Structure formats: structure tokens, C-alpha cells
Amino acid sequence: MKALLRRWLPGGRSGVIAIPYVWLLFFFVLPFFFVLKISFAEPDIAQPPYSPLLKQEENKTVVTLDTTKYKTISGEVEAFFELPWNEAKEASQYVVAYWNALKLAFFTMLFTLLIGYPLAYNIARSSEATRNTLLMLVMIPFWTSFLLRVYAWIGILKDNGVINNLLLGMGLISEPIPMLYSPFSVLLGMVYNYLPFMILPLYAHLVKLDGRLFEAAADLGAKPWTTFFQITLPLSKAGIIAGCMMVFIPAVGEYVIPALLGGGDVVFIGNKLMDDFGANLDWPQASAVAVIMLILLSGPIIWFHRFEQKMQEPE
Amino acid sequence: MNKMPIGNRLFMGVGFFFLYAPILSLIIYSFNESRLVTVWGGFSLKWYQVLMNDADLLQAAGLSFKIAFLSASLAVVLGTIAGFVLARFGRFKGHSLFAGLTTAPMVMPEVIVGLSMLLLFVALQTGLGCSADESSGLLSRLGCWAFGERGMVTIWIGHTTLCMAYVAVLVQSRLRELDRSLEDAAMDLGCHPFKVFFVITIPVISQALVSGWLLSFTLSLDDYVLTAFLSGPGSTTMPQWIFSSIRLGLTPEINALATIVIVVVTVFVVVSNRLMLSAQAKRDRAMQAAFSSGGKTA
């Protein structure tokens with residue numbers, strides 16, 4: 001009996017691997033197939049709000065793949081390239097939303113890198129006690145609720161918000177500068193909230209750099225900037241890639257920040273998806289949007305994965 | 001190396017000002033008497049009182065804490081196993097996919113994860129035929145109890161999947177920087193691998209487990225997008241309450257809520273940091289003592 005059990009039950013090793021593996025396959029991979037499937041369905045008024053793909057017709061099972069959702073978007077792509085800019089913007093709302101999202105994610109990545117790198121660098125190079133305090137100071141806002149931090153910016157940027165009140169009070173301006181509900185406030189909110197995701201991987205790589213390298217460079221007469229560009233920057237490439245991907249990939253689908261800080265003039269693809277899903281109840285369209293987003297992001301995701309693998313491998 | 005050039009100091013100052021200015025403004029305006037969030041009308045605690053009497057919020061907060069506790073606990077179990085497998089098992093069939101899957105939830109846009117999980121749960125609901133008859137088998141009754149309607153269980157599964165990625169990364173990196181010799185020695189002495197894991201590995205990485213649990217707890221407590229997809233009509237969480245309050249413009253009490261959160265978080269981070277540092281120092285001293293006395297007897 002025991003021998004039989006041993007043959008049938010997976011060994012300890014594969015049993016251990018199976019626990020998280022099966023969880024991830026079932027709750028993370030399998031769902032993507034449903035997205036793909038439902039992106040080919042038609043919206044329905046029933047519950048669930050999409051039609052089944054398999055239909056029974058005269059004892060035959062017929063598969064109907066409805067590709068209109070993709071055609072909407074591909075038609076928009078054509079319009080985007082053929083029409084003059086003003087009309088194209090009207091006719092290609094999804095394309096514009098993807099484009100805006102990619103642009104926003106790119107600039108968020110760029111600015112978090114420009115602000116985050118010097119911060120991470122300085123934290124990594126300070127003494128151990130200071131380092132700890134500084135790192136803690138970076139972590140506290142990160143642990144504070146993300147929604148509340150987005151909300152804080154509303155109070156600062158509003159027409160009767162902190163900045164405008166201050167400037168009006170000092171007599172520098174005579175009427176409030178409109179700042180909230182603009183591309184600027186969205187970008188600001190994004191940079192603010194994604195900053196820790198850039199600082200932490202950068203710090204983790206920078207803190208491992210060997211201080212003797214810098215001393216050697218200085219002894220050999222290298223100027224600080226030369227040392228930075230010839231030694232620090234190349235050696236921290238891994239941290240830069242990790243940080244950039246940690247910011248860029250999730251930023252493309254961001255919903256909350258544009259929804260709360262954006263004015264609705266500039267539409268991003270995450271918000272488009274949420275609208276199709278929630279307000280329009282068009283789950284097939286939301287699924288098609290997600291599939292295309294995934295295809296657009298597959299390059300960076302695969303790149304990130306390869307890179308992680310390479311990092312994890314023992315030398 | 002300890003002396004930072006003045007330019008760097010200046011940059012750090014500006015950087016930290018950027019990080020803290022919004023938080024400080026929240027705290028200051030939480031004590032504002034005025035209904036208008038940003039017009040100062042004198043010191044008052046009335047928004048704290050409003051907050052404490054808001055039944056909707058208290059219920060939402062209760063649900064959020066419950067889900068966060070459950071998600072963090074399960075995420076630590078699953079994430080620890082995943083991290084351990086990645087750090088200690090070497091290559092196996094499907095290793096690359098497994099490695100990719102454990103980190104993917106961290107970067108994948110949440111709208112995609114949320115939508116896809118929702119569609120899985122909806123498919124399960126229809127597949128199990130939950131609304132039909134009650135007399136179906138035990139398994140489908142269990143399935144319907146969990147997935148029959150969206151709510152706590154579906155949110156719990158979603159948050160666990162997201163959080164276990166963070167735990168796996170933490171555990172994995174902690175295990176990689178650790179010396180394997182203790183585990184190897186125990187194994188050589190005939191200890192069963194499971195016993196080695198529980199008696200040696202777990203205690204050694206306990207610090208990573210605690211931070212993983214806390215991180216997961218915070219992430220779950222804070223998550224809006226995933227929850228928006230996975231929650232049903234009867235389950236409103238705190239982020240959902242905050243989000244709709246901001247949209248409706250009912251805001252002064254959010255300042256008070258934010259201040260409470262910030263104070264709790266700050267005290268917590270500072271205290272745990274102190275504790276961790278002193279534990280580390282103690283361990284280092286013990287190690288040193290052990291090695292120096294070992295040196296004498298040898």
C-alpha cells in the first residue's frame with residue numbers, strides 16, 4: 001500500500017514545487033486564456049455580459065469567433081495613419097489612448113530615473129547609520145496608502161490649493177494657475193507614486209558596488225564625473241534596467257492616477273479599459289484592449305524576465 | 001565617503017521635500033475647521049469625529065483589514081515556498097516559466113490581472129451552475145460557496161496572487177545571500193529535508209518573512225484596481241470608499257484618515273527598524289563571541 005502510494009503521489013520535491021506552481025497556473029495563467037477567449041465574444045445584456053463562443057446548432061457545436069472588437073481597433077489604426085491629425089484623433093480613440101499611455105509611462109520612467117538615481121546613489125554611498133535612516137525616510141511614504149498620496153496632490157494643485165494660495169498670498173500671481181486635471185498633474189502624480197519602485201532596485205544594486213573601485217579610480221587621477229560615467233553607471237546598468245521595467249510596465253495600464261488627477265481631456269488606455277468594463281459593460285471590448293496591451297508589453301516583459309534570470313544565475 | 005558634497009545634499013533635500021510635502025499638507029489640513037479642504041478656518045478635531053462616526057467607512061475598513069490579514073498570511077506561505085524553490089532547487093522542468101510567473105504579478109498592469117481573474121471567476125460561476133439547484137455534489141457546493149458571488153474569497157485570491165510575488169522575491173534574495181552550510185550540515189547529519197526547512201531555514205529567514213507579511217498586508221489594504229474587478233455588490237473595501245469619496249468631493253475627513261494612517265505607519269516603521277537593527281547587532285555580537293571562543297579552544 002505504502003509503495004503504491006509512493007508511486008502515485010508526487011515525490012516531496014515535485015510536490016513542493018507544485019503548490020505555488022499550480023496556484024500561479026490556475027489563478028494567473030489560465031485567466032489570460034479567458035481574456036483571449038472573451039475578446040472574441042459578442043457583448044450581451046445577460047449575466048455574464050458576453051455571448052458564449054460555442055453554440056449548439058442542429059446537434060453540431062459551432063464556434064463563432066467575433067472579431068469586431070479587434071476590427072474596431074485595427075480600423076482605428078488605419079484611420080490614424082490616413083486621416084489628418086485632428087480627424088484622426090477623433091476617429092482613433094483607442095489608438096490615441098494606447099499612445100498616450102505609452103508616452104506617459106515613458107516619461108514617468110524617465111523622470112523617476114532622473115530623480116531616483118541621485119537619491120539612490122547618495123543613500124548607497126552614505127555611512128551605514130545614515131543610510132538606514134534615509135532608506136526608512138524613502139519607505140515611509142511608500143507604506144502610506146497610495147490613494148491617500150494621490151489625494152494629497154489634489155489638495156496641493158487645486159485652484160484654491162496650497163500652491164495657488166501661497167502664490168496668491170505672496171502677491172506673485174493675481175489669479176490661480178490651473179494645474180489640476182491636466183497632463184502635468186497626471187505626470188506629477190505618476191512620478192511621485194512610482195518613485196520608490198525606481199529607488200529601491202537602484203539602491204539594491206548601487207549599495208553592492210565595491211568602494212575600492214572608486215578609490216582606485218581616484219588614485220589613478222579620474223575626475224568624479226569620469227568615475228561616475230566610466231565605472232558607476234556601467235556597473236549599475238542592472239539596477240537601471242530593473243527599476244525602469246518596474247516602473248514602465250505597470251505604468252502603461254495605470255488607472256487610478258489619471259482618473260483622479262487627469263481632467264478627462266487626455267485619455268489613457270487603462271481608463272479606456274475600465275470604462276468599457278464598468279460603464280459600458282462591454283467585457284469583450286475590455287478583453288480585446290487587454291490582449292493588445294499585453295502584446296504591446298510582451299517585449300518589455302520578456303526582456304525583464306530574461307534579465308531577471310540572468311541576474312539570479314550564480315556566476 | 002561620509003561627507004556628501006553640498007550639491008548632493010541640496011539634491012537630497014529637494015528630493016525628500018518632494019516626497020514629504022504632500023504628506024505634510026494632509027496632516028496640517030486634517031486639523032482644519034473649515035469644510036473647504038484648503039482654506040484654513042482654525043484648529044479643530046471635528047473631522048476625526050466625523051470619521052469615527054462614519055459607519056460605511058468603519059465597515060469598509062473592517063473588511064479591508066480582514067482581507068489584508070488573510071491575503072498576507074496565505075501570500076507568505078505560498079511566496080516562501082516559491083522563493084525557496086527558486087533559490088534552492090536548481091533547474092527543473094518548467095523552471096523558466098515558474099521563475100517568470102513568480103515575478104510577473106509585480107509588474108503586470110493591474111487592469112489586466114484584475115480583468116483576467118474576474119473572467120476566470122465568472123467562468124467558474126457559470127461552469128459550476130451556482131444559481132441552479134442546491135443538491136449538487138460537495139465539490140461544486142464548495143466551489144459555489146467560494147466563487148458563487150464575488151466578494152471576500154475572490155478578493156482574497158487576487159490579493160494573495162499579487163502579494164506572493166513580493167514575498168517570493170524577498171525570500172529568494174534572502175536565501176541567496178545566506179550561507180548554505182547550516183542546511184547542508186543538518187542534511188549530512190541525516191535530518192529530513194522538511195525538518196531542515198522548518199527547524200533551520202524558516203528561523204534564519206524569519207526577518208524576510210515578517211517584512212514580506214507586512215508588505216503584503218499593506219499592499220492588500222491599499223489595492224484599488226484589483227479589488228474593483230473582484231468585489232461584488234456586498235463588499236466595499238476601504239480603498240473603494242476612499243476612491244468614491246474623492247470623486248464625490250467629500251474630502252475633509254479623508255485628511256483625518258490619512259493622518260491616522262501616516263502616524264501609525266511612521267511609528268511602526270521606525271520601531272520595527274530599531275528592533276531589527278538591535279537584533280542584527282545582537283546576532284553579530286553573538287557570532288563574534290562564538291567564533292573567538294571557538295578559536296581559543298581549537
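Chain A is the first sequence line, chain B the second, and so forth, proteins listed ahead of strands; every chain is numbered from 1. Quantities reported herein were computed from a predicted structural model and do not represent experimental measurements.
Both the backbone and the side chain of A/Ala259 come within contact range of chain B, judged by heavy atoms closer than 4.5 Å. Neither the backbone nor the side chain of A/Leu36 comes within contact range of chain B; no heavy atoms are under 4.5 Å apart. At a 4.5 Å heavy-atom cutoff, the contact between A/Met246 and chain B is made by backbone and side-chain atoms alike. Interface residue A/Ser287: backbone and side-chain heavy atoms are both found under 4.5 Å from chain B. Proximity to chain A is absent for every atom of B/Phe268, based on heavy atoms less than 4.5 angstrom apart. Within the 4.5 angstrom heavy-atom criterion, atoms from both the backbone and the side chain of A/Phe27 approach chain B. Contact annotation for A/Phe248: neither backbone nor side-chain heavy atoms come within less than 4.5 Å of a heavy atom of chain B. Using a 4.5 Å cut-off between heavy atoms, A/Val289 does not touch chain B at all. The parts of A/Trp143 that come within reach of chain B are both its backbone and its side chain, each placing non-hydrogen atoms under 4.5 angstrom from that chain. Within the 4.5 angstrom heavy-atom criterion, only side-chain atoms of B/Ile242, from C-beta onward, approach chain A. With a 4.5 angstrom heavy-atom cutoff, B/Leu74 touches chain A only via side-chain atoms. Proximity to chain B (any heavy atom under 4.5 Å) is shown, for A/Ile17, by both the backbone and the side chain. With a 4.5 Å cut-off on non-hydrogen atoms, B/Val113 touches chain A through its side chain but not through its backbone. No part of B/Ala165 comes within reach of chain A, as not one of its non-hydrogen atoms sits under 4.5 angstrom from that chain. Only the side chain of B/Val85 comes within less than 4.5 Å of a heavy atom in chain A; its backbone stays farther off. Heavy atoms closer than 4.5 Å to chain B are found in the side chain of A/Phe304, but not in its backbone.
A 4.5 Å side-chain heavy-atom check between B/Leu101 and A/Leu25 finds at least one atom pair inside the cut-off. Residues B/Ile112 and A/Phe32 have side chains in contact (heavy-atom distance under 4.5 Å, counting atoms from C-beta outward). A 4.5 Å side-chain heavy-atom check between B/Ser96 and A/His305 finds at least one atom pair inside the cut-off. Residues B/Leu215 and A/Phe142 meet the side-chain proximity criterion, which asks for heavy atoms closer than 4.5 Å. A/Phe28 places none of its side-chain heavy atoms less than 4.5 Å from the side chain of B/Met164. A 4.5 Å side-chain heavy-atom check between A/Tyr151 and B/Phe243 finds every atom pair outside the cut-off. Put simply, the side chain of A/Phe34 does not reach to within 4.5 Å of the side chain of B/Leu118, judged on heavy atoms. Side chains of B/Met108 and A/Leu297 form no contact here, defined as non-hydrogen atoms less than 4.5 Å apart.
Interface remark: of the candidates B/Val261, B/Ile23, B/Leu120, B/Leu120 forms the most heavy-atom pairs closer than 4.5 Å to chain A. When A/Phe277, A/Phe33, A/Phe197, A/Tyr192 are compared by the number of non-hydrogen pairs under 4.5 Å with chain B, A/Tyr192 comes out ahead. Most heavy-atom pairs under 4.5 Å with chain A, from the set B/Phe121, B/Phe92, B/Phe229: that is B/Phe229. Among the candidates B/Asp223, B/Leu97, B/Leu257, B/Leu219, the residue making the largest number of heavy-atom pairs closer than 4.5 Å to chain A is B/Leu97. Counting heavy-atom pairs closer than 4.5 Å to chain B, the top-ranked of the candidates A/Leu260, A/Val252, A/Ile115, A/Leu135 is A/Leu260. Interface summary for chain A: among B/Val77, B/Leu214, B/Thr266, B/Val264, the most heavy-atom pairs under 4.5 angstrom belong to B/Leu214. For chain B, the option among A/Met139, A/Arg149, A/Met274 with the highest count of heavy-atom pairs below 4.5 Å is A/Met274. Most heavy-atom pairs under 4.5 Å with chain A, from the set B/Ala21, B/Gly100, B/Ala87, B/Gly158: that is B/Gly100. Most heavy-atom pairs under 4.5 Å with chain A: of the set B/Pro193, B/Ala258, B/Ala168, this distinction falls to B/Ala258. Contact count against chain B (heavy-atom pairs under 4.5 Å) is highest for A/Asn132 among A/Leu195, A/Val247, A/Leu294, A/Asn132.
Ring pair B/Phe18/A/Trp153 is tilted by interplanar angle, where 30° to 60° counts as tilted.
Judged purely by distance below 3.5 Å, without hydrogens or angles, the side chains of A/Tyr121 and B/Asn8 never pair a donor atom with an acceptor atom.
How far OG1 of B/Thr160 is from CH2 of A/Trp23: 5.0 Å, rounded to the nearest 0.5 Å. A/Tyr255 OH to B/Glu110 CD: the interatomic distance, rounded to the nearest 0.5 Å, is 12.5 Å. Once rounded to the nearest 0.5 Å, the distance linking CG of A/Leu147 with CD1 of B/Ile254 reads 9.0 Å. Annotation: the span from A/Ile19 atom CD1 to B/Ile81 atom CD1 amounts to 4.0 Å, rounded to 0.5 Å. The line from CZ of B/Phe16 to CG of A/Leu119 is 6.0 Å long, rounded to the nearest 0.5 Å. Expressed to the nearest 0.5 Å, how far CD1 of B/Ile262 lies from CG of A/Leu148 amounts to 7.0 Å.
For A/Pro31 against B/Ser116, the heavy-atom pair with the smallest separation is CB-O, 3.2 Å. In terms of heavy-atom proximity, B/Pro109 sits nearest to A/Gly253 at CB-CA, 3.9 Å. The minimum heavy-atom distance linking B/Leu119 with A/Val35 is given by the pair CD1-CA, 3.7 Å. The two atoms that bring B/Lys93 and A/Tyr21 nearest to each other are O-CE1, 4.5 Å, heavy atoms only. Nearest approach of A/Ala152 to B/Ser25, heavy atoms of both residues: O-OG, 4.4 Å. Scanning both residues, A/Thr144 and B/Asp222, for their nearest heavy atoms gives O-OD2, 4.5 Å.
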side-chain contact (heavy atoms from CB on, under 4.5 Å) between A/Leu137 and B/Tyr20, intermediate numbers included: CA-CA 9 Å; A/Leu137 283 173; B/Tyr20 281 89; 3.6 Å; yes
May I have the step-by-step check of side-chain contact (heavy atoms from CB on, under 4.5 Å) for B/Leu221 and A/Ser145, ending in yes or no? CA-CA 8 Å; B/Leu221 204 60; A/Ser145 166; over 6 Å; no
Decide yes or no on side-chain contact (heavy atoms from CB on, under 4.5 Å) for A/Trp283 and B/Val122, but give the supporting numbers first. CA-CA 12 Å; A/Trp283 291 13; B/Val122 171; 3.8 Å; yes
Please report the C-alpha distance between A/Glu254 and B/Val111 in whole Å, then the side-chain angles of each, then the deciding distance to 0.1 Å, and finally whether the side-chain contact (heavy atoms from CB on, under 4.5 Å) criterion is met. CA-CA 8 Å; A/Glu254 177 63 38; B/Val111 286; over 6 Å; no
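When the shell of 6.0 Å around CZ of B/Phe89 is examined, it contains more than 12 heavy atoms from other residues, nucleotides or ligands.
Checked against the 6.0 Å centroid threshold, A/Phe146 and B/Tyr224 do not count as a close aromatic pair.
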